[in-house]
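Notes for the one structure printed next.
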Amino acid sequence: PISQAQGAQSIHRFAKRSDQAMAAFLVPAAPPCVQPTIAPATALSLATSPLQPQQPVTLALQAINVAAVVGCACVGGSLCSRRWRKPSASLAAPARVVRVARQAGEEGPSEEELAAAEAELEAYQDGLEAMEEEFAEEVERRQAALGGKIDEIMKGAPLASKPAVTIGGSAVGAAGALDRIAVCGILGAGPGEALVARLADEAKGAIFIDLLEAARLPFEKLDELLVNCKALAVCPDLGDDSAVVVEGTKNGLRAILASVPPECTKVLLLSHIGAQAGKGGFKLDSFFGSKQAKWDDIEDELTANCRKRTVNRPLRHVIVRAGSPPASPEAAGAICCMGFDEGPADAQTSTDVVVEVAARAFALEVNSSFSVVGGSGMEKADWNELLLPFVGPEVWRAEVSDPRKAAIFVQGWAEEFFGDGKRAMRMGVKTPVLIRKTDAGVIFKFKPVGTSGDEDFDSLTEGGLEFVAEAPVGQAPRLRARRCAYGWKVVAKENSEKALLDKFAKDWSEVSL
């Protein structure tokens with residue numbers, strides 16, 4: 001219990017303090033949830049009227065109402081201060097529908113009003129659907145326009161018709177003609193003499209050296225014969241596997257390899273399908289010292305000599321395995337090129353096919369070993385397509401509908417995951433890489449581990465992969481990946497290549513280009 005004077009003073013102090021809050025609250029834009037429950041005139045007169053000590057009950061009741069209003073204003077003040085946001089079109093409703101809904105809880109709308117409201121709501125929904133259809137049409141129109149602009153830009157981007165990066169040594173000169181080539185064969189047998197005639201119009205000079213006589217020639221004579229030769233083609237008689245011929249071929253090859261000039265950087269050897277198949281295990285003839293020369297020994301003679309070469313005198317080799325010559329080209333079947341260790345032991349290969357493959361291998365810069373069989377249909381054979389997988393070699397291929405879009409995709413993919421500042425390790429590629437865009441795709445080059453990031457791209461010889469999008473005449477458009485930039489005696493980085501190709505193949509499968 002308090003006296004009337006004390007109560008009146010407390011109420012007067014409260015009213016004074018709440019005068020500004022009441023004025024801010026009683027604005028016309030205040031939300032309905034915080035509207036005052038007493039008339040504004042009553043509240044304002046309370047705050048400004050003189051004290052009336054003789055009416056404590058009346059003042060107390062009014063104070064309670066004022067406290068309720070001020071409290072409501074304080075609670076709703078945060079709501080009043082928030083910025084009002086226009087509701088989305090899907091949540092908005094016509095004013096008439098809202099009005100009818102409010103009246104439904106009070107006096108109930110008539111059937112005519114309900115029908116009119118439903119009609120208005122349906123018309124509103126139809127309008128929304130029309131707007132959505134118009135928006136979808138606009139999106140399609142803009143996408144089509146963007147696609148047209150991309151196609152116009154890409155029409156001017158030429159596709160590479162030959163490797164963007166030369167891999168290893170080549171017998172092709174600056175003018176596109178083959179350099180001087182020494183063809184080592186057997187006089188009167190095998191494909192050697194036929195290859196010299198085949199290269200007469202394409203090479204700057206092709207000479208013939210008899211393998212069986214080379215071992216008996218003085219070194220000076222061999223040195224004179226091989227002057228300015230940039231490549232060797234070793235062509236034994238694949239139809240004669242007698243011990244004398246095979247042994248003489250091996251000895252002649254050894255003598256020729258000892259005399260090759262420093263500028264000679266490539267050797268192509270014709271060998272027999274099935275060579276090296278008997279390697280491994282225990283051999284009884286070796287145990288008793290009666291070892292007979294085989295095709296394996298000829299291949300080993302070449303590879304051992306190449307391994308001894310230093311970085312200043314590299315000698316790269318390509319071994320082409322073929323079958324024995326058939327009685328007729330038709331008997332050998334269709335021409336087919338396959339992997340180095342593939343091909344049945346009884347396969348046959350015509351001499352004409354062997355000669356053409358050897359000549360094309362120099363012209364196309366083939367740098368990986370392979371096998372070839374068959375003999376029929378030479379006039380219809382597409383030699384470029386047959387030998388293309390062995391330039392690099394090729395490690396991945398997929399057909400595409402638009403090679404230009406495929407080139408854009410692989411360039412963007414490379415930049416996204418392996419561009420500047422991106423770590424290849426997070427993609428599972430343990431070897432750091434650098435990338436460079438080409439007209440037809442992109443080139444990845446591996447960097448030595450632990451090196452800085454300022455290496456010259458052209459000087460990197462640690463290997464890499466090149467993606468090429470192309471549209472060859474008469475063939476389906478495609479995207480290929482092949483090895484590139486492997487220096488002398490650099491071991492292929494198969495794990496890094498596999499991780500990179502697996503990541504690309506996974507992402508490529510999610511698009512349709």
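One is the number of the first residue; the rest follow in order along the sequence.
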Which is it for E470 and R482 under the salt bridge (Lys or Arg N to Asp or Glu O under 4.0 Å) test, yes or no, and what are the steps along the way? CA-CA 13 Å; E470 54 195 3; R482 62 190 176 197; 5.7 Å; no

Donor-acceptor contact below 3.5 Å, side chain Q411 vs main chain T438: yes

Is it the case that the side chains of S376 and E330 hold a donor-acceptor pair, with the cut-off being a distance below 3.5 Å and no angle test? no

Taking atom types as modelled, is there a side-chain donor on N312 or T310 under 3.5 Å from an acceptor on the other? no

Would R321 count as a cation-pi partner of F340, with NZ or CZ less than 6.0 Å from the six-membered ring centre and within 45° of the ring normal? yes

Give a yes or no answer on whether the side chain of N367 reaches the backbone of G392 with a donor-acceptor pair at less than 3.5 Å. yes

Check whether more than 12 heavy atoms from other residues, nucleotides or ligands sit under 6.0 Å from atom CG of D420, and answer yes or no. no

Report yes or no: do Q276 and D300 form a side-chain donor-acceptor pair below 3.5 Å? yes

Would you please test V320 and V357 for side chain to side chain contact (heavy atoms under 4.5 Å, CB included) and show each step? CA-CA 9 Å; V320 180; V357 164; 4.1 Å; yes

Please answer whether the main-chain N or O of Y486 pairs with a side-chain N or O of T461 as donor and acceptor at a distance below 3.5 Å. no

Has D223 got more than 12 heavy atoms of other residues, nucleotides or ligands less than 6.0 Å from its CG? yes

Apply side chain to side chain donor-acceptor pair (under 3.5 Å) to residues S324 and Q348 and explain how you reach the verdict. CA-CA 5 Å; S324 301; Q348 295 180 322; over 6 Å; no

Please assess D458 against R436 for the test salt bridge (Lys or Arg N to Asp or Glu O under 4.0 Å), listing each intermediate value before the final yes or no. CA-CA 10 Å; D458 295 326; R436 173 183 287 178; 2.8 Å; yes

Could I get the full list of salt bridge (charged side-chain N to carboxylate O under 4.0 Å, His left out) partners for E263, not counting sequence neighbours? none

Report the residue from V395, I443, V442 that forms a side-chain contact (heavy atoms from CB on, under 4.5 Å) with L465. V395

Rounded distance (nearest 0.5 Å) linking atom SG of C184 with atom CG of L211: 5.5 Å

For the backbone of V227 and the side chain of R180, can you confirm whether one donor and one acceptor N or O come within less than 3.5 Å of each other? yes

Between E193 (side chain) and G188 (backbone), is there a donor-acceptor pair under 3.5 Å? yes

Among K308, R254, K294, the one residue meeting salt bridge (Lys or Arg N to Asp or Glu O under 4.0 Å) with E301: R254

Under the criterion side chain to side chain contact (heavy atoms under 4.5 Å, CB included), I'd like the reasoning laid out for L270 against L268: C-alpha separation, chi angles, the key distance, then a yes or no. CA-CA 7 Å; L270 295 179; L268 185 144; 4.1 Å; yes

Between H317 and T303, is there a side-chain donor-acceptor contact under 3.5 Å, judged purely by atom types and distance? no

When you measure from the side chain of K266 to the backbone N and O of L232, does any donor-acceptor pair fall under 3.5 Å? no

Is the backbone N or O of R307 less than 3.5 Å from a side-chain atom of K489, with the two atoms forming a donor-acceptor pair by type? yes

Spatial distance of atom CD (E494) from atom CD (E497) [nearest 0.5 Å]: 7.0 Å

Please check: side-chain N/O of S369 versus main-chain N/O of I319, any donor-acceptor pairing under 3.5 Å? yes

Within the 3.5 Å criterion, strictly below it, is a donor on D241 or W295 matched to an acceptor on the partner's side chain? no

Is any side-chain N of the basic residue among D502 and K506 closer than 4.0 Å to the acidic one's carboxylate O? no

Spatial distance of atom CD (E416) from atom CZ (F409) [nearest 0.5 Å]: 10.5 Å

Salt bridge E385-K380, side-chain N to carboxylate O under 4.0 Å: no

Can any side-chain N or O of T349 pair as donor or acceptor with the backbone N or O of G323 at less than 3.5 Å? yes

If the threshold is 4.0 Å, N to carboxylate O, is there a salt bridge linking E356 and R198? yes

State whether the side chain of S459 and the backbone N or O of D456 hold a donor-acceptor pair below 3.5 Å, judged by distance alone. yes

Is the distance from the ring center of F504 to that of F467 below 6.0 Å? yes

